[in-house]
Undergrad: 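Below: one structure in structure tokens.
Scope of the values below: all heavy atoms of this structure, side chains included, with no hydrogens, waters or symmetry mates. Here is the naming used below: chain letters follow the sequence lines, and residue numbers restart at 1 for every chain.
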Amino acid sequence: MKKKLLSALLSVAMISSLLVGCGSSADTTTDTTETTEAEATEEAPAEEETAEEATDETAAAGDEITYAGELEIMHYSTSEESEGNGGSDGFRTVLAEWDEAHPDITLTQNVLANAEYKTQIATLAAADDLPDVFLLQGMNTIAWAEQGLVYDLTDDIKSSPYYADYNTSYFAPFTVDGKMYGYPVLTGGTCTVVIYDKAMWKEAGFDAFPTTWEDVEKASEYFNEQGITTVAFGNGGKWQANSCFLSTLGNRYTGPDWFMSLIAKSGAAFTDDEFVAALAETQKLFHDTKIFNEDFNAVTNEDAREYYISGDAAAFIGGNWDESYIWATLKDSNEEKFNNIGFAVLPQPADATYAPNSQNIGLGYAVAINPKVADDPEKLAAAIDLAEYVTGPAFANYVATNYALGGLTKVADVDLSGFDQITQDFYNWSYVDTETCEIYDSYISSAVWDVLNTDLQTLMNGDITPEEVAANAQAAYEANY
Amino acid sequence: MLNSIKPKGRTVFLYLLVPVVFFVFTVFVPLVTAFVYSFFEWKGGPKKTFIGIDNYVQLFHDATFWQSFGHNIYLVIACLIGQIGIAFIMVMIVNSKVVKLKGIHRTFGFFPSTISAVCLGLIWNMIYHNQYGIINWFLRLIGRDDLCKVWLNEPKLVMLLVSIPLIWQYIGYYMVIILSAISSIDTEIFESAEIDGANGVQRALYITLPLIKNTMLVCITLCVAGNMKAFDNIFVMTKGGPGTASMVMAMYGYQISFNQSNMGYGSCISVGIFVLAMLVIGGSQALVKLLTREKEA
């Protein structure tokens, strides 16, 4: 009898310890998020002035919030990422401000690094268990809107107090059939910028980065003799060739209407001659010429930009995130090289006919809301207020004054005089002196881009024809979009 | 006497219940749900459409999946020869009388298998690196610049290059297993063989190997199973690239499920991996049994 009692007790103890085990993991998550919040709030006081101004502006909107309770948000602006990255830093700062201004609302943040964020949010979407507020990636908009995973924000966006200041073209990736599903968030940055060392190119006989690939090829003869890579590029992650090269080069061949037609499914196809020509040019540049580092398919953009920083490469092609890294690294370590940083658009191929001065820029993510939040109108109002605040003037002013970057909301008269020359140059290059075009993978479907990206690697090695790549992408497009 | 300390069936059942429930929940439930989902078109989200065996038909015609399966088989063969074969030879060397400091050999042999696969991938990435890697550095040093390559960007070589770290990592692991098996063999057998004039190779092949047959069978099963689900170090080193030249089944399933948000077809691939892994493991065991039986006859 005693034994029976004992065994029963033991089993109960085991089960309860298991349950406690399961429960405690959830507790840990909350704990960590609370610490992150605390950290973020600590960072905030330094920028109190901007914060106060902004809070005043939004006071009207803030007053209407009657909701008290929990609100969860998931994003990828980690504290590590925010160091040096204006968008992340600004996002964390304004989020902490909003949290502080709403003491009745317990804001639970779940912060993951970008790569993990993408996997996690895809899993949560599949399980129909998305958090109240999250960041929606442009290319998922159509699929998720169809599945009813994102709340239709059209009316709220149009009645936003900041609507007049919004850069409305940024809404395009998050709009399906005229309905808008998110507030574009973080900073608008280019995905394709040529960063070059003015002094090195001057030695090669070029006062500025060439505007045609023929000239780049000529320069490469000079650089190769010196044992220097002409242009560094890293496609080890497979997405870089698409986001940071083909998206802009493709626009030079097809023009913007082709891509719009592809998005709208109104006739354009990957197998169209113009796009195949862009693929052929990509293959030619990477496989037939000696312009790029030969290990472009084996190294990532993080490795390739080190070739530029160390002087092993005379130029580098990457996105705004690479620019901010190169800027920060060279500023501390090599002042001369820092002052020689120049920015250029992708050179124009000889047989391309469109927009020679274009670069792809946009906001890849938007703050979206889980439709389940709408069950509680007060909570929904709080979530919308949060979304408007983190994408509104408070954020835009913060990133403009601290980093010379722009977001969804336009800021009038950004005073650039306080910034160093390179930051000013990059601001003008990004927002003033160049034409813009779309970022391919902000649209359509991840299933299509994943197929294309995998093939692009093989294409750049010369092991598959442009026609085959186009046909595979078209098949994926027809099957998934 | 024994019966008096043996607990009642019900008690045993109760004790086992919790771990068994836990096991069922973490192993069988996901397996069964994956099987169920594999009959649906499920592009991530609450909507699922029943499409019968369409996913399996697609899987059957999916060239990339079968290419990945081929790569897994390549890994299995390379690792059977590399891991277990080299481990066996190493054990023979460590066990021979000429080798001193056996403990140190054992410890350092085992060391690589304690490092996480992700770190190993990064370390070997540096070894293969085009500009800073030790291989190309050595080739330049001996004046053979012409042999320098972007190693991980060679479609024909890449599978071999990603299997080398895997082999290197697990030699020590199998060494420890084989060593413990050998230490249980009676030393008198070796002594009498020595007196009869058997040399080291003969002792290894005709005495040691037959006596540790069962352990070797376990090693082979572990090796096959481990390589059918290979993922992490290849993911770090090449992400399956260039193109799909180093894609393995688990990575393809991951890519379809998470990069392409195609959970239904991803589940179908998982079921495919499960079935194929079972077949390969079963097949290899049957083959080993058949071979050893012939020898006995």
Side-chain angles (χ1 to χ4, degrees), chain A residues 3-4 6-8 10-11 14-15 18 118-120 122-130 139-140 143-144 146-149 229 235-239 293-300 303 306-307 310 312 445-451 453-461 463-464 476 479-480, chain B residues 7-8 10-19 21-22 25 37 42-48 58 64 125-126 128-133 136 148-156 158 236-245 247 252 254-267:
Chain A
K3 233 185 249 168
K4 225 186 247 174
L6 189 70
S7 56
L10 277 173
S11 319
M14 264 175 91
I15 294 170
L18 276 175
K118 282 191 220 166
T119 310
Q120 179 87 355
T123 316
L124 290 173
D128 194 16
D129 194 20
L130 285 165
M139 63 171 145
N140 289 328
W144 290 17
E146 254 173 33
Q147 302 253 355
L149 290 168
T229 302
N235 186 39
K238 294 187 182 177
W239 55 268
N293 46 312
E294 52 176 353
D295 56 355
F296 58 81
N297 260 344
V299 298
T300 63
D303 303 319
E306 295 294 345
Y307 294 164
S310 65
D312 290 341
S445 154
S446 53
V448 176
W449 300 123
D450 195 53
V451 170
N453 293 356
T454 305
D455 278 351
L456 272 180
Q457 238 185 7
T458 319
L459 176 88
M460 288 152 84
N461 272 350
D463 295 332
I464 190 174
N480 293 292
Chain B
K8 275 187 198 140
R10 225 176 334 148
T11 322
V12 174
F13 175 75
L14 210 65
Y15 275 129
L16 283 178
L17 185 67
V18 175
V21 165
F22 215 63
F25 187 74
Y37 291 146
W42 181 22
K43 297 267 165 86
K47 282 183 199 163
K48 301 181 194 80
Q58 191 188 343
T64 313
N125 253 358
M126 283 313 293
Y128 292 135
H129 197 285
N130 173 48
Q131 304 205 2
Y132 314 129
N136 281 356
C148 286
K149 280 191 172 75
V150 181
W151 295 101
L152 293 177
N153 194 28
E154 293 285 323
K156 290 198 181 76
V158 70
V236 174
M237 291 176 75
T238 65
K239 295 221 161 39
T244 52
M247 188 71 80
Y252 188 56
Y254 173 86
Q255 194 180 344
I256 294 285
S257 304
F258 295 105
N259 291 2
Q260 305 192 10
S261 300
N262 195 345
M263 302 285 177
Y265 189 45
S267 302

Undergrad: Can you confirm whether B:Val150 sits close enough to A:Asn297 that some side-chain heavy atom of one is under 4.5 Å from a side-chain heavy atom of the other?
TA: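 B:Val150 vs A:Asn297: side chains apart.
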Undergrad: Could you look at B:Met237 and say if it's the side chain, the backbone, both or neither that has a heavy atom under 4.5 Å from chain A?
TA: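 Nothing of B:Met237, per the 4.5 Å heavy-atom cut-off to chain A.
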Undergrad: Using a 4.5 angstrom heavy-atom cutoff, name the option from A:Ala122, A:Ala127, A:Gly236, A:Ala125 with the most pairs to chain B.
TA: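 Looking at each option in turn, the highest pair count goes to A:Ala125.
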Undergrad: Between the side chains of A:Asp295 and B:Gln131, is a donor N or O closer than 3.5 angstrom to an acceptor N or O?
TA: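 No.
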Undergrad: With a 4.5 angstrom heavy-atom cut-off, could you sort out which part of A:Thr300 is near chain B: side chain, backbone, both or neither?
TA: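 For A:Thr300, there is no contact with chain B at all, as no heavy atom is under 4.5 Å.
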Undergrad: Looking at A:Val299, A:Asn293, A:Asn140, A:Asp312, which has the largest count of heavy-atom pairs under 4.5 Å with chain B?
TA: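 Looking at each option in turn, the highest pair count goes to A:Asp312.
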Undergrad: For B:Phe258, give me all partners under ring-ring contact (aromatic ring centres under 6.0 Å, His included), at least two apart in sequence or on another chain.
TA: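 Listed in chain order: B:Tyr254.
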Undergrad: Just how far is it from atom CG of B:Asn130 to atom CG of A:Asp303, taken to the nearest 0.5 Å?
TA: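 Answer rounded to 0.5 Å: 11.0 Å.
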Undergrad: Apply the test side chain to side chain contact (heavy atoms under 4.5 Å, CB included) to residues A:Glu294 and B:Asn153: give CA-CA distance (whole Å), side-chain angles for both, the deciding distance (0.1 Å), then the verdict.
TA: CA-CA 9 Å; A:Glu294 52 176 353; B:Asn153 194 28; over 6 Å; no
Undergrad: Return the minimal non-hydrogen interatomic distance between B:Pro242 and A:Asn461, and the atom names on each side.
TA: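 Nearest heavy atoms, B:Pro242 then A:Asn461: CB-ND2, 3.3 Å.
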Undergrad: Just wondering, are more than 12 heavy atoms of other shown residues or ligands nearer than 6.0 Å to OH in B:Tyr132?
TA: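 Above 12, so yes.
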Undergrad: To the nearest 0.5 Å, how far apart are CD in A:Glu146 and NZ in B:Lys47?
TA: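 One gets 6.5 Å once the value is rounded to the nearest 0.5 Å.
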Undergrad: Working to the nearest 0.5 Å, report the span between CG of A:Asp463 and NZ of B:Lys156.
TA: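 The NZ atom of B:Lys156 is 7.0 Å from CG of A:Asp463, to the nearest 0.5 Å.
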Undergrad: Side chain from CB out, backbone as N, CA, C, O: work out which of these in B:Tyr265 comes under 4.5 Å of a heavy atom of chain A, or both, or neither.
TA: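 Neither part.
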Undergrad: A:Asn235 versus chain B, heavy atoms under 4.5 Å apart: side chain, backbone, both or neither?
TA: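 Neither part, no heavy atoms under 4.5 Å.
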Undergrad: A:Asp128: what forms a salt bridge (Lys or Arg N to Asp or Glu O under 4.0 Å) with it, not counting sequence neighbours?
TA: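 Salt bridge (Lys or Arg N to Asp or Glu O under 4.0 Å) check on A:Asp128 returns A:Lys372.
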Undergrad: Which answer fits B:Trp151, side chain, backbone, both or neither, if we ask what part of it has an atom under 4.5 Å from a heavy atom of chain A?
TA: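 Neither the backbone nor the side chain of B:Trp151 comes within 4.5 Å of chain A.
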Undergrad: Looking at B:Lys239, is its backbone amide N or carbonyl O close enough to the side chain of A:Lys238 to form a donor-acceptor pair, meaning the two atoms are under 3.5 Å apart?
TA: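 Indeed, once roles are kept as given, a pair shorter than 3.5 Å links the two residues.
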Undergrad: Heavy-atom pairs under 4.5 Å with chain A: which of B:Val21, B:Leu152, B:Asn259, B:Thr244 has the most?
TA: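 Among B:Val21, B:Leu152, B:Asn259, B:Thr244, the one with the most close pairs to chain A is B:Asn259.
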